[in-house]
2 protein chains.
Amino acid sequence: MSVQSVERALDVLEALAEHGGEAGLSEIAARTGLPYGTIHRLLQTLLARGYVRQESDRRYALGGGLVRLGGVAESMVAVWAQPYLARLVELSGETANLAVLEGDFIVYVAQVPSPRRLRMFAEVGRRVLPHSTAVGKVLLAWRPGGDAVTVFERTGMPRRTPNTITDIQSMLAELGQVRSRGYALDLGEEELGVHCLAVPVLDGDRVVAAMSVSGPAERIGALDRGELAEGMRGIARDFAAELSPAAR
Amino acid sequence: MSVQSVERALDVLEALAEHGGEAGLSEIAARTGLPYGTIHRLLQTLLARGYVRQESDRRYALGGGLVRLGGVAESMVAVWAQPYLARLVELSGETANLAVLEGDFIVYVAQVPSPRRLRMFAEVGRRVLPHSTAVGKVLLAWRPGGDAVTVFERTGMPRRTPNTITDIQSMLAELGQVRSRGYALDLGEEELGVHCLAVPVLDGDRVVAAMSVSGPAERIGALDRGELAEGMRGIARDFAAELSPAAR
DNA sequence: CTCCTCTTTTCCGTATGATGGAAACCAAGT
DNA sequence: ACTTGGTTTCCATCATACGGAAAAGAGGAG
């Protein structure tokens, strides 16, 4: 049914990614539980094709080939998302966005703008830090364990507006709340006067993306959050279903 | 030495990417020359792991897993590039950038700013169209055959300034020149008053990235282009050597 | 400088697991 | 209902990946 060596090669790449993109042979062995000889052979193959590179201290790291494939894949996701984002716009009347976590940044990969005259636009491709956005909170709230903490340690939590949450304790509390109520808010924390509401796109219990609607504070404030979030979760679920129909 | 099934799985992924990220089984077979049964089995494996997804019309497409790995890999490249960009700044006195082609967009993945008071800054992560930048020209000039044409067909070539090259014939001539002299210029084609000079980072004869320096027209104009380009090519070569020491 | 330890790389006989041709299946159009 | 083009499944065969263990390197400590 499934090709063992390919699965293992993927295990190796994932182990490498989880180690921050760089690891020694033995660290990979510890993570994957595979014998040294096997890992080494797989790495040689990936190396020859440019999907892994070897540093001077003979540690291994993810290589440029993945950047290429990842880019193509990302542009596809944007296309698939279009109809779902359109539904979000219809539901809320506001601009809808799809964002993913890439490294430590939030990247907006697709958008459908609101039909209103006054509307948000966050150009597709823009990168922002996670702490000041609703999509960022969603993407981190559903991550395993201490992921969020380490991300914030690396990026810091610079103040963007007076409303930005800049201390890690408050943020962790916020993330807990986000998780329990199923959606995240951004009340002018990235830009004053701009509010957002975001929900996760879940594949099983793994978050693969976040969808949000954003617009001027007054209009967003006038909506019934619970109801809106409920509708958005439905759309996010449909989208997730299209992304991985019966995978795993 | 090398694991056959992994190599073939990579062939399949690359074939998919070259087809624009989406293809039927038989199209992949045509490209790779592998038997149907084999490809199908490999695809099932990649499918189960989320690196490929299947559309409702049972065609295959690159999946979300690649976005994740690609993101991690990209953030690594930025780190490795730092010292080389610093050398570029030292050489030119201007801001140095590293950019890659991601889908149809140019993405700036790393930057070291100039020490001058008046300096360029193009925030890392920014996406721009290729036709109006020196890095864009470089990345397309070294691509095989008609790649450049198809990219421009998809993106169009919107006028950014009076200097922007907006017609495809002139652009193809420009790319030929870029290739023959070994570097590309942007003379205020993306933004008036801002000039850039870019060189390719080559792995064998494949472009993996482009490095550029950019600054105010007067200062860039005062430099000896040939000499600067020569120095930059050396740095780009060193960087390429670090990226793939003895690969392929 | 030499020894010792830790990590990476190479080797090779074995049996596991990938292979691919061909047949069944499915969808869509005629 | 039939034909066609593409996709999925099957299975006997043997090429291939496997992994234990030994060799080679790289550092660090004495």
Side-chain angles (χ1 to χ4, degrees), chain A residues 1-63 76 242 244-248, chain B residues 1-63 76 242 244-248:
Chain A
M1 184 83 218
S2 225
V3 182
Q4 191 188 52
S5 25
V6 173
E7 291 230 290
R8 290 174 163 190
L10 295 175
D11 287 340
V12 168
L13 287 174
E14 285 171 6
L16 221 34
E18 280 162 24
H19 239 262
E22 200 179 329
L25 182 56
S26 45
E27 292 167 299
I28 300 174
R31 238 166 222 275
T32 57
L34 296 171
Y36 285 24
T38 302
I39 296 173
H40 184 258
R41 188 157 13 82
L42 292 170
L43 282 170
Q44 289 307 316
T45 308
L46 294 167
L47 204 52
R49 297 286 291 252
Y51 289 88
V52 149
R53 76 187 213 86
Q54 190 162 28
E55 324 249 316
S56 51
D57 57 354
R58 33 193 213 155
R59 287 162 64 77
Y60 294 91
L62 297 177
M76 308 230 54
E242 188 189 324
S244 57
R248 200 160 318 243
Chain B
M1 183 82 219
S2 225
V3 182
Q4 191 191 47
S5 26
V6 173
E7 291 229 290
R8 290 174 162 190
L10 295 175
D11 287 339
V12 168
L13 287 175
E14 284 171 7
L16 220 34
E18 281 162 24
H19 241 261
E22 199 179 329
L25 183 57
S26 44
E27 291 168 299
I28 301 174
R31 240 165 220 274
T32 57
L34 295 171
Y36 285 22
T38 303
I39 297 174
H40 183 258
R41 191 158 13 82
L42 292 169
L43 282 170
Q44 288 309 314
T45 309
L46 294 167
L47 204 53
R49 296 286 293 251
Y51 289 89
V52 149
R53 78 187 213 85
Q54 190 163 28
E55 323 248 317
S56 50
D57 57 353
R58 36 199 208 145
R59 286 161 64 77
Y60 294 91
L62 297 178
M76 308 229 53
E242 189 189 324
S244 57
R248 201 162 317 248

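Every chain is numbered from 1 and lettered A, B, ... according to where its sequence line falls, protein lines coming before strand lines. Just so it is clear, the model here is predicted, and its values are computed rather than measured. Note that these values count all heavy atoms, side chains included, but never hydrogens, waters or copies made by symmetry.
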S5(B) versus V6(A), closest heavy-atom pair with distance = O-CG2, 3.5 Å
With side chains defined as the heavy atoms from C-beta onward, is the minimum distance between M76(B) and R53(A) less than 4.5 Å?
-> no
Compare all side-chain heavy atoms of I28(B) with those of T32(B) and state whether any distance is below 4.5 angstrom.
-> yes
For dT7(D), does OP1 or OP2 lie under 4.0 Å from any side-chain N or O of Q44(B)?
-> no
Nearest non-hydrogen partners of Y36(B) and L25(B), listed with the distance = O-CD1, 4.4 Å
Between P of dG6(D) and CZ of R59(B), the distance in whole Å | 11 Å
Length of the CD-P vector between Q54(B) and dC26(C), whole Å | 14 Å
DNA chain D contacts among residues 24-41 of chain A, heavy-atom distance under 4.0 Å | P35(A), T38(A), R41(A)
Heavy atom of residues 2-16 of chain B under 4.0 Å from DNA chain D: which residues?
-> S2(B), V3(B), Q4(B), S5(B)
Considering only heavy atoms from C-beta outward, does the side chain of L46(B) approach that of V3(A) to under 4.5 Å?
-> no
In whole angstrom, give the distance that lies between atom CG of L47(A) and atom P of dT8(C).
-> 14 Å
Would you please name every residue forming a side chain to side chain donor-acceptor pair (under 3.5 Å) with E18(A), sequence neighbours left out?
-> R31(A)
Comparing R58(A) and L42(A) on DNA chain D - which has the more 5′ nearest nucleotide | L42(A)
Closest non-hydrogen contact found for Y60(B) with L16(B) is O-CD1, 3.7 Å
